[in-house]
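Single-structure report; data block below.
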2 protein chains.
Amino acid sequence: MQVKEAVIERRSGVALWRQIADRMRREIGEAALGGDGRMPPETALAERFGVNRHTVRTAIAALVQEGVLRAEQGRGTFVEGRKRLAYPIRSRTRFSEGLAGQSRGLAADLLDHATEKAAADVAKALHLSPGAPVIRLETLSHADGRPVSRARSWFDAERFAGMAEAFAQTRSITASFREFGLADYLRHSTVVTARHAEAGDLKDLRLSPGAIVLVTTAINVDTRGKPVQYSETRFAADRIELHIPGSEAQ
Amino acid sequence: MQVKEAVIERRSGVALWRQIADRMRREIGEAALGGDGRMPPETALAERFGVNRHTVRTAIAALVQEGVLRAEQGRGTFVEGRKRLAYPIRSRTRFSEGLAGQSRGLAADLLDHATEKAAADVAKALHLSPGAPVIRLETLSHADGRPVSRARSWFDAERFAGMAEAFAQTRSITASFREFGLADYLRHSTVVTARHAEAGDLKDLRLSPGAIVLVTTAINVDTRGKPVQYSETRFAADRIELHIPGSEAQ
DNA sequence: TTAATTTGTCTATTGTTCTAGACAATTAAA
DNA sequence: TTTAATTGTCTAGAACAATAGACAAATTAA
């Protein structure tokens with residue numbers, strides 16, 4: 001007999017349907033639910049979570065909206081979303097190379113760009129004086145047609161004048177650097193945090209409120225150790241996992 | 001004039017007070033709010049978030065409960081919680097060494113342990129046959145009196161017979177390994193994901209529903225490259241950030 | 001064709017969250 | 001002492017979330 005699980009909390013400030021949606025999304029990712037591509041019927045899910053069928057339906061509707069599930073009247077509900085992509089973080093971290101082989105249709109769009117004065121953290125990371133001119137790029141990356149990450153990058157405006165135009169054309173940081181005579185660069189440091197997605201990222205990454213983003217704050221340096229890029233990237237946490245090899249494997 | 005920010009979403013399945021609590025927790029962590037140790041008055045916060053004062057009060061009550069804030073009638077509301085601790089992930093990753101210097105009162109408790117048959121993923125990670133006996137430790141780590149991480153580790157039961165007892169006494173993986181003649185070990189790989197905390201972790205890590213955990217799945221190996229530990233650690237995402245140095249710094 | 005299974009839609013009711021306003025209690029400054 | 005600023009408590013109503021039940025619509029299997 002299927003016993004009701006006591007994992008859903010009431011009065012928590014998070015609606016039951018959202019808790020159920022979050023849980024189903026995770027279990028689908030682990031193939032613990034809908035592993036054969038087919039979800040259990042709504043009535044079975046409702047019994048399992050100890051809620052009304054309508055509450056489960058609201059959760060399913062949210063996952064359909066996200067593209068994780070697809071519901072067909074009379075047939076059932078099916079899994080649409082794929083597994084999490086592995087994003088390797090290593091000395092030579094390159095966005096497109098990292099995801100190559102796992103997905104098709106990799107693309108990076110330039111949403112916005114500006115030349116501005118470096119704030120304290122940007123200046124420190126790039127070894128510039130505060131207020132020095134920097135170029136800021138706002139980019140959005142897709143894999144298999146699904147948005148995967150949203151990044152904000154800064155570059156020294158003197159050394160990389162025209163970076164935005166180069167990126168708009170090549171759609172790749174690595175290729176853009178090459179146009180500036182920078183053939184190779186290294187990942188100097190990466191800081192990883194996680195938080196709830198903000199309104200803008202919810203929209204760009206097509207997430208639903210309450211969704212989680214993995215945030216990496218990274219510094220890339222040239223082969224002489226000079227910083228060339230400072231960036232903050234928000235990854236949709238249910239589509240990506242970060243892989244950090246040990247040093248001997250790098 | 002302070003203009004209302006449109007960052008709080010209604011009908012999202014996440015109560016406004018919880019969205020506001022999550023946002024304030026983050027801004028406090030970044031010192032963007034209460035940087036001087038003192039929070040703006042409730043009326044000002046209510047206006048800023050475009051909600052009723054009572055809604056802000058509910059959010060503050062949740063953060064008081066978490067130990068992030070302290071409210072004093074007539075005086076104001078003050079920041080109690082500290083900054084996020086930096087947890088370095090490098091070749092020689094050691095829990096207590098990593099946090100040493102940033103906090104006092106580091107402690108690890110053994111919540112539970114068992115000898116069991118290795119599941120497929122555990123066997124693969126430890127280079128054992130599926131079903132081989134392994135020791136599983138369930139541990140909880142504190143820093144400055146606040147729970148920081150909840151880990152589940154597996155060890156080869158043959159090589160490390162008595163691991164649970166060693167850990168219970170030394171309260172350290174590194175020290176326990178030493179008792180088995182293992183003076184040094186290396187981090188072979190780390191996978192980082194993020195998700196909503198589950199019921200058990202909410203309780204152990206003293207989080208409120210909707211909170212985020214950073215999950216690292218790691219393999220440690222001895223100096224000959226043989227796996228000695230496989231572990232999954234859940235970090236409270238608002239108390240910890242993972243630091244990954246570039247390979248040249250390792 | 002018929003029956004069973006499953007998702008989709010509708011109405012009504014109850015409980016929780018949010019708003020609104022008023023006023024008390026405490027502290028610090030004038 | 002008086003006043004202003006701030007948090008704490010209470011009441012009432014509006015908006016949203018969850019439950020309950022009934023039945024329609026589509027698909028599949030008998």
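Here the structure is a predicted model, which is why all the values come from computation and not from measurement. Note on naming: letters A, B, ... go to the chains in the order of the sequence lines (proteins, then strands), and numbering restarts at 1 for each one. Below, all heavy atoms of this structure are taken into account, side chains as well, without hydrogens, waters or symmetry copies.
Remark: P of C:dT7 and CZ of A:R70 are 12 Å apart, rounded to the nearest angstrom. For the pair A:R57 CZ and C:dC10 C1', the interatomic distance rounds to 11 Å; values are reported in whole Å. One can place CD of B:E47 at 14 Å from P of C:dT19, the figure rounded to the nearest angstrom. With rounding to whole Å, A:L16 atom CG is found 15 Å from C:dG15 atom P. Atoms CD1 (B:I20) and P (C:dT17) sit 14 Å apart, rounded to a whole Å. We find that CZ of A:F49 is positioned 13 Å from P of D:dT19, with the value rounded to whole Å. If you take CD of B:E42 and C1' of C:dA20, they are 15 Å apart, rounded to a whole angstrom. Between A:I60 atom CD1 and C:dT6 atom P there is a gap of 12 Å when expressed in whole angstrom units.
Put simply, B:T55 has a side-chain N or O that comes within less than 4.0 Å of OP1 or OP2 on C:dT19. At C:dT6, none of the side-chain N or O atoms of A:T43 fall inside 4.0 Å of OP1 or OP2 (strictly under the cut-off).
Of all heavy-atom pairs spanning A:R150 and A:D204, the tightest one is NE-OD2, 2.8 Å.
In this structure, A:E232 and A:Y230 have side chains that are not in contact, with every pair of non-hydrogen atoms separated by 4.5 Å or more. A 4.5 Å side-chain heavy-atom check between A:L69 and A:E80 finds every atom pair outside the cut-off. Contact annotation: the side chain of B:H142 approaches that of B:D109 to within less than 4.5 Å [non-hydrogen atoms, C-beta and beyond]. Between A:R57 and A:E42 there is a side-chain heavy-atom pair separated by less than 4.5 Å.
For A:P41, whose side chain is taken as the heavy atoms from C-beta onward, the closest listed nucleotide among C:dT6, D:dT7, C:dT17 is C:dT6.
Residue A:T58 is out of contact with every strand shown, counting any heavy-atom pair closer than 4.0 Å.
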*Contact pattern, 5' to 3', of nucleotides 20-30 of chain D - B, S or - by protein heavy atom under 4.0 Å*: BB---BBBS--

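Tested against A:V192 for a side chain to side chain contact (heavy atoms under 4.5 Å, CB included), the candidates B:I89, B:T190, B:V192 yield a single pass: B:V192.
For B:F167, there are no ring pair (Phe, Tyr, Trp, His ring centres under 6.0 Å) partners, not counting sequence neighbours.
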